[in-house]
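Residues take their numbers from the sequence shown, with the count starting at 1.
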Amino acid sequence: MAVFSKSQVPQFSVEVYQNEYLPEGGREVNAIVTVTSTGGGTSGGAPLLGASPSPSYIPGQAPGAAVVIMVDCSGSMDYPPTKMRNARDATAAAIDTLRDGVAFAVVAGTHVASEVYPGGGRLAVADAQTRAQAKEALRRLSAGGGTAIGTWLRLADRLLSSSDVPIRHGILLTDGRNEHEAPEDLRTALEANTGRFTCDARGVGTDWEVKEVTGIASALLGTADIVADPTGLAADFTSMMENAMGKEIADVALRLWTPVGVEIKFVKQVAPTVEELTGRRTEVGPRAGDYPTGSWGDESRDYHVCVQVPQAGIGQEMLAARVSLIIPAADGGAPEALSQGLVKAVWTDDMVASTSINPQVAHYTGQAELAQVIQQGLDARKSGDFDGATAKLGRAVQLAADSGNRDTAKLLSKVVDVVDAATGTVRLKAKVAEADEMTLETRSTKTVRVKK
C-alpha cells in the first residue's frame with residue numbers, strides 16, 4: 001500500500017451541505033460532502049510519490065506510477081480490419097502521453113493474456129527509447145482468438161505488483177462480450193484486484209456488453225465509456241492517459257465515524273458519477289469504517305451520506321457523523337486524517353426549518369434517481385415492456401431537464417421523442433441506433449454539479 005508524508009500530500013478540503021433540522025420524531029439525516037484536492041505535485045508544491053516526474057527526472061530512479069494497457073486482440077477486432085489498426089494507433093498515442101519515469105507495459109488480450117512489451121513479467125520505464133520500442137512492438141499485434149477479460153486483469157495485476165509504486169493504473173479496451181470464461185471467473189478476478197489498481201474501461205463499436213464494461217470500471221474505481229466509432233480511440237486513449245498522469249495520490253479513503261445508536265443507511269459518490277459505496281465499507285475501529293475513493297489529482301467529488309439517528313426531543317442536538325479523508329501514514333503507524341467535516345442533527349418545532357430540503361441534497365437525490373430510471377427504462381425496453389420503458393424514460397427526461405443535465409437530456413432525445421420535458425411526456429422512438437442506446441446506458445451515471 002502506498003504511503004506518503006505530509007509534505008507530499010495535496011491539500012484536501014471537506015465541506016458539508018445539509019439541513020441539520022429535524023421535526024419531532026425525525027430520524028433521517030442527509031448530507032452532501034464535497035471533497036476537493038488541490039496543490040501537491042501539479043500546483044507548485046512538493047512533488048508527490050505518485051506524481052508525474054518533473055523534467056529533472058533522473059534515469060534509474062524509482063518510478064512513482066505504473067500503467068498497464070490491455071488491448072483486445074480477439075478475432076472480432078478484425079471486423080472491420082481498420083478496428084485493429086485504430087486500436088494500435090490509440091495505444092501508441094497513449095504511450096506517447098506517458099511521462100518520463102512512469103513504469104508501463106502493454107498486454108494483448110484474447111482467451112489468454114500475453115505480454116506485448118516489455119515482456120519477461122516486468123515493466124519498462126518510460127523514456128524516448130522505451131516509448132519507441134513499445135510502439136514498434138505494437139506492429140506485431142494481430143486479431144485472433146476469444147475474449148477472457150479476467151485473465152487480462154490478472155496479468156495486469158502481476159505486472160503492476162512488480163513495481164513498488166503508489167499509483168497503479170490500468171487501461172482496458174474491448175470490442176466484444178466476455179464469452180470465453182465463466183462469469184464467475186471475471187467476478188473472481190475483479191474481487192481479487194479490488195483496491196490493488198484502478199482501471200478505466202472502454203468498449204469500442206457496439207458488440208460488447210455495457211454491464212460488463214461498466215462493472216469492471218466500477219469495481220476498480222475507474223471510468224467507463226463507449227467509443228462507438230473506432231477512429232475516436234486515439235483521442236480517447238490520450239485523454240485517459242493524461243488523466244492517469246494527473247493522479248497524485250492513491251489509497252485515499254472516506255472515513256465515516258458515527259456515535260452509538262446511529263445507523264448508516266447509505267454512502268455513495270454522486271459526482272462526477274453515481275457510484276454506490278455502502279457495501280465497500282472496511283471496518284477500522286469502534287463505529288468507524290473506510291470507503292475507498294481511489295486515486296486523486298486536482299479535482300473535486302461529491303458524496304451523499306445518509307444516516308438514521310435515535311429519536312430525540314425538541315431542542316436537543318447531536319453529532320450524527322464525522323467524515324474524514326484518510327491516507328496511510330508514512331511511518332506505517334496510524335493513518336493520517338487530511339481533513340474532516342461534521343454532520344449534525346438538531347430537533348426543532350419550527351416547521352419551516354425542519355421541512356426545508358437542502359438544495360445539494362435535493363439535486364443529487366434527483367441525479368441518483370436519474371441514473372436509476374435510465375437503467376430501468378432501457379432494461380424494460382429490451383424486455384418488451386414498452387409502457388414501463390416509456391414511464392421510466394419519461395421520468396428521466398423530466399429529471400434531466402430539472403437538474404440542467406443537458407448531456408444526458410441530449411442522449412435521451414435519441415431514444416425517445418420528447419413531447420413535454422417538464423412533465424416527462426415522451427414517446428419511444430420506433431427505431432433507435434444501437435450505438436445511441438449503448439451510449440445512454442454507459443453514461444447514465446454521469447452527473448452535473450449543483451447550480452450555484
Are His169 and Phe197 an aromatic pair by the rule of ring centers under 6.0 Å?
no
Is it true that atom CD of Glu24 has more than 12 heavy atoms of other residues, nucleotides or ligands lying nearer than 6.0 Å?
no
Phe12/Trp296 aromatic ring centres below 6.0 Å:
yes
Using salt bridge (charged side-chain N to carboxylate O under 4.0 Å, His left out), reason through Lys247 and Glu299 one step at a time and then give a plain yes or no.
CA-CA 10 Å; Lys247 298 302 182 183; Glu299 58 188 295; 2.9 Å; yes
Quick one about Thr425 and Asp420 (side-chain donor to acceptor, distance below 3.5 Å, no hydrogens or angles considered), yes or no?
no
Will you find, in the side chains of Thr390 and Arg381, an N or O donor that is under 3.5 Å from an N or O acceptor?
no
Strictly by modelled atom types, are Arg280 and Tyr291 linked by a side-chain donor-acceptor pair under 3.5 Å?
no
Any chance the side chains of Ser300 and Arg449 put a donor and an acceptor closer than 3.5 Å?
yes
Below 4.0 angstrom, N of the basic side chain to O of the carboxylate: do Lys344 and Glu317 qualify?
no
If you apply the rule side-chain hydrogen bond (donor to acceptor under 3.5 Å, both in side chains), what do you find for Thr445 with Glu275, and how did you get there?
CA-CA 8 Å; Thr445 59; Glu275 191 65 60; over 6 Å; no
Could you measure the distance from the CD atom of Glu20 to the CG atom of Leu319? Nearest 0.5 Å is fine.
11.0 Å
Decide whether Asp200 and Thr223 meet the rule of one side-chain donor and one side-chain acceptor closer than 3.5 Å.
yes
Does CZ in Arg406 sit with more than 12 non-hydrogen atoms of other residues, nucleotides or ligands closer than 6.0 Å?
no
Heavy-atom neighbours of Phe266 CZ exceed 12 at 6.0 Å
yes
Please report the C-alpha distance between Thr34 and Asp302 in whole Å, then the side-chain angles of each, then the deciding distance to 0.1 Å, and finally whether the side-chain hydrogen bond (donor to acceptor under 3.5 Å, both in side chains) criterion is met.
CA-CA 4 Å; Thr34 296; Asp302 292 332; 2.6 Å; yes
My understanding is that only one of Thr293, Val270, Leu256, Ile32 makes a side chain to side chain contact (heavy atoms under 4.5 Å, CB included) with Tyr303; could you say which?
Thr293
Verify side-chain hydrogen bond (donor to acceptor under 3.5 Å, both in side chains) between Gln269 and Thr273, making sure each step is shown before the conclusion.
CA-CA 7 Å; Gln269 178 183 287; Thr273 59; 3.2 Å; yes
Distance (rounded to the nearest 0.5 Å) between Gln375 CD and Lys392 NZ
12.5 Å
Holding to salt bridge (Lys or Arg N to Asp or Glu O under 4.0 Å), I want the full list of residues that pass it with Glu263, two or more places apart in sequence or in another chain.
none
What do you reckon, are the aromatic ring centroids of Phe104 and Tyr117 less than 6.0 Å apart?
yes
